[in-house]
Amino acid sequence: MRKNHTKRERLKRKSDINRVFHEGKAVSCTGVRLRFVPNNLQYNRVVFIPVKKFGNAVERNLVKRHAREAYRQEKDRFTCGGKDIAVLFYPGKKYDFWERREQLLYLFTKAGIISKKSFAD
RNA sequence: UUAACAGACUGGGUGACCGCCGGCGUAUGAAUGUAUACGCUGGAGGAAAGUCCGGGCUCCAUAGAACAUGAUGCCGGGUAACUCCCGGGGACGAAAGUCACAGAGAGUGCCGCAGAAAAUUACCGCCCGCAAGGGUAAGGGUGAAAAGGCGAGGUAAGAGCUCACCGCCCAUCUGGUAACAGGUGGGGCAAGGUAAACCUCAUCAGGAGCAAAGCCAAGCAGCAGAUGGGUUGUUCGCCCCUUAUAUCUGCGGGUAGGCUGCUAGAGUGGAUUGGUAACAAUUCACCCAGAUAGAUGGUCACCAUCUACAGAACCCGGCUUACAAGUCUGUUUUUAUG
RNA sequence: UGGCCGAUAGUGUAAUGGUAGCACAGCAGAUUCUGGUUCUGCUUGUGAGGGUUCAAAUCCUUCUCGGCCAG
């Protein structure tokens with residue numbers, strides 16, 4: 001499977017995002033919170049949102065880029081079936097790319113989007 | 001040499017792989033929109049920031065005038081324009097340098113406490129006089145500030161009352177485009193300060209802002225009020241639309257999808273010419289982000305070295321603020337708490 | 001993105017350029033057998049830097065932080 005992450009696989013509409021926030025379930029760890037809700041499509045859609053007080057514009061962009069890169073690399077492990085996912089980042093300790101990647105993998109496993117078997121690999 | 005100050009500049013580089021956004025081309029499906037694949041190509045800054053100024057652009061039907069309000073404030077130049085820049089002058093400072101630097105002799109206001117008195121002053125003083133009263137402002141203390149300064153003459157005591165020097169004002173001459181500088185002559189000195197208090201004078205400004213504005217698609221439900229209404233704080237003038245299926249105001253309902261605006265520009269780089277300079281003109285070459293929940297990231301290698309401040313959102317010119325490390329130029333003196 | 005406001009004790013809120021007040025809270029004392037009420041006293045201050053002025057919370061300016069409006 002090709003490891004890309006295009007516009008189609010992003011969550012863009014305001015109404016869709018509101019649906020995730022109002023109807024979705026949540027899992028969280030330090031500094032990160034993940035919300036998800038099923039959709040009717042064949043693929044997942046995801047959005048990464050640093051909160052308003054997360055540093056300055058450069059730091060907010062960097063977090064989004066790291067998260068998007070981690071999501072892209074690990075995309076093929078995900079279970080099929082559509083889910084809309086929103087990931088929120090809160091200010092606190094600064095993490096590098098690899099720490100962010102571990103964090104996100106942990107959260108996706110906890111939410112049942114990645115099966116535990118594939119995470120063990 | 002070091003330090004300080006001022007100014008200008010750079011703001012990690014090269015290669016490989018995987019990915020993101022735009023443009024062009026080809027192919028396939030599709031049907032006039034676009035989707036997918038491949039190839040080529042472009043992809044954040046000196047401050048993109050703060051939004052403190054100035055303009056372009058768009059709309060307010062079009063173009064005006066006066067007042068109000070606001071801004072600026074030595075002179076000359078530059079510029080599309082400017083709270084900007086360059087050059088010159090003045091004041092202050094030992095110097096490099098710094099300075100919102102018009103007017104207090106048009107008017108109004110304010111100047112706490114202290115002090116006799118904070119604006120048409122007289123407490124203690126000094127002098128004349130028996131006293132009543134008068135003449136004075138040298139000395140005293142207060143305060144941020146107290147009626148030109150210092151010296152000599154003069155006088156009852158004093159006083160620009162007189163004189164020299166300095167300061168101030170007026171007239172005039174010379175140099176300079178001008179601000180201003182210098183010289184000559186005269187006045188005897190106007191009765192403090194504050195304009196970053198109101199104000200006066202001169203100059204300049206219509207308002208709103210790309211969520212402006214226009215088009216397409218989808219969708220919905222109207223109701224109430226005002227009569228003339230229509231760009232702004234007010235008024236005038238001019239003109240435009242319309243006498244109700246009109247215009248304006250308020251409340252409510254619906255949609256928040258796409259396209260244009262959207263990047264070839266007061267553009268960037270080089271050369272020549274003019275100018276002290278800011279800058280301008282001519283010519284040659286180049287095309288250099290255009291996202292729309294918002295594109296630049298990850299891994300590896302080498303060199304350098306621990307890499308700061310920080311992310312375009314209609315576009316430019318400035319100012320201000322943040323900044324690791326490094327380069328260059330100039331200036332300074334009492335060799336230094338600058 | 002564009003436009004517009006504000007910042008005063010721990011909290012809320014005053015102050016013509018001239019000694020920064022008031023209320024609640026806090027602390028100490030008095031009253032009471034003890035606590036409360038009440039009374040007395042004290043402490044805690046102009047968001048940061050620079051300028052104008054004899055003197056700035058106030059005037060000017062540059063930052064910082066917070067808030068509001070516009071689809």
Side-chain angles (χ1 to χ4, degrees):
Chain A
M1 186 173 176
R2 199 162 165 280
K3 291 183 181 180
N4 61 358
H5 179 215
T6 58
K7 273 184 181 176
R8 200 164 61 99
E9 299 171 37
R10 292 182 203 169
L11 192 60
K12 298 171 88 171
R13 296 285 190 84
K14 191 175 183 179
S15 54
D16 292 338
I17 293 170
N18 281 338
R19 203 166 67 88
V20 174
F21 274 85
H22 288 120
E23 300 174 15
K25 296 177 182 177
V27 291
S28 62
C29 68
T30 311
V32 188
R33 175 179 289 262
L34 185 146
R35 286 183 163 274
F36 63 98
V37 69
N39 64 5
N40 295 322
L41 301 169
Q42 292 297 309
Y43 49 87
N44 291 322
R45 292 188 300 180
V46 67
V47 63
F48 302 98
I49 310 171
V51 298
K52 191 180 178 183
K53 296 191 177 176
F54 194 100
N56 54 24
V58 174
E59 290 177 39
R60 285 196 293 273
N61 275 339
L62 194 67
V63 167
K64 285 197 297 192
R65 283 163 188 165
H66 281 169
R68 218 177 284 142
E69 177 67 17
Y71 178 82
R72 185 182 68 79
Q73 286 182 0
E74 305 303 327
K75 202 173 126 183
D76 49 347
R77 293 192 189 178
F78 288 5
T79 54
C80 291
K83 280 192 171 60
D84 285 345
I85 304 160
V87 186
L88 284 89
F89 297 91
Y90 294 91
K93 186 190 165 193
K94 290 184 179 177
Y95 301 95
D96 65 6
F97 172 72
W98 294 108
E99 287 165 338
R100 284 281 177 212
R101 188 165 168 274
E102 287 297 314
Q103 242 178 8
L104 290 170
L105 286 174
Y106 170 74
L107 279 182
F108 279 120
T109 310
K110 203 173 171 185
I113 297 167
I114 299 176
S115 63
K116 283 183 180 173
K117 188 186 168 190
S118 68
F119 184 53
D121 297 338

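So that the names make sense, note that chain A is the first sequence line, chain B the second, and so on, each numbered from 1.
- Regarding the sugar-base torsion, B:A44 falls in the syn class, its angle being within 90° of 0.
- Atom P of B:C17 sits at a distance of 48 Å from the matching atom of B:A3, rounded to the whole Å.
- Between A:W98 and B:U299, a side-chain N or O to OP1/OP2 separation shorter than 4.0 Å is present.
- Of the listed residues (A:V46, A:L107, A:L88, A:L104), just one forms a side-chain contact (heavy atoms from CB on, under 4.5 Å) with A:L34, and that residue is A:L107.
- Between B:U296, B:A293, B:G297, one nucleotide has an atom nearer to the side chain of A:E69 than all others, and that is B:G297.
- Rounded to whole Å, the P atom of B:U83 lies 7 Å from the corresponding atom of B:G73.
- Distance, A:R101 CZ to B:U299 P: 10 Å, rounded to whole Å.
- Listed nucleotides B:A293, B:G311, B:G19 differ in distance to A:R72; the shortest reach to its side chain belongs to B:G19.
- Taking the O4'-C1'-N9-C4 or O4'-C1'-N1-C2 dihedral as appropriate, B:G149 has a value more than 90° from 0 and is therefore anti.
- Using Watson-Crick or G-U wobble geometry with both donor-acceptor distances under 3.5 Å, B:G103 finds its partner in B:C199.
- Of the candidate nucleotides B:G19, B:U299, B:G311, B:U299 has the atom lying nearest to any side-chain atom of A:F97.
- Annotation: B:C201 and B:G207 have their P atoms spaced 23 Å apart (nearest Å).
- In this structure, A:R100 places its CZ atom 16 Å from P of B:G297, rounding to the nearest Å.
- Going from the C1' atom of B:G19 to that of B:G298 covers 9 Å, rounded to whole Å.
- Considering CZ of A:R35 and CD1 of A:I85, their distance stands at 13.5 Å, rounded to 0.5 Å.
- The only member of A:Y71, A:F89, A:F97, A:F48 that meets ring pair (Phe, Tyr, Trp, His ring centres under 6.0 Å) when paired with A:H66 is A:F97.
- Base pairing of B:A336 is not made with any nucleotide, judged by Watson-Crick or G-U wobble geometry with both donor-acceptor distances under 3.5 Å.
- Between atom CZ of residue A:R100 and atom CZ of residue A:R65 there is a gap of 14.5 Å, rounded to the nearest 0.5 Å.
- Of the listed nucleotides (B:G294, B:U299, B:G297), B:G297 has the atom at the smallest distance from the side chain of A:L62.
- For the pair A:R65 and B:C20, the criterion of a side-chain N or O lying under 4.0 Å from OP1 or OP2 is not met.
- Under the Watson-Crick or G-U wobble criterion, with both distances below 3.5 Å, C:C27 is paired with C:G41.
- Classification of B:C288 as syn follows from a glycosidic angle within 90° of 0.
- If you check B:A68 for Watson-Crick or wobble pairing at under 3.5 angstrom, you find it has no partner at all.
- Side-chain contact annotation: A:Q73 with A:E69, donor-acceptor N/O pair under 3.5 Å present.
- Nearest-nucleotide positions on RNA chain B place A:K64 closer to the 5' end than the other of A:N61 and A:K64.
- A straight line from CD of A:E59 to P of B:A308 spans 12 Å, rounded to a whole angstrom.
- Rounded to a whole angstrom, the distance from the C1' atom of B:A191 to that of B:A95 is 41 Å.
- A straight line from CG of A:L104 to C1' of B:G298 spans 14 Å, rounded to a whole angstrom.
- Comparing the P positions of B:C314 and B:A310 gives an interatomic distance of 23 Å, to the nearest angstrom.
- The nearest pair of heavy atoms linking A:R33 to A:A26 is NH1-CB, 4.1 Å.
- B:C170 sits 38 Å from B:U142 when the C1' atoms are compared, rounded to a whole Å.
- Straight-line distance between the C1' atoms of C:A9 and C:G26: roughly 11 Å, to the nearest whole Å.
- Straight-line distance from the CZ atom of A:R60 to the C1' atom of B:A293: 13 Å, rounded to whole Å.
- In this entry the base of B:U329 is anti relative to its sugar, with a glycosidic angle more than 90° from 0.
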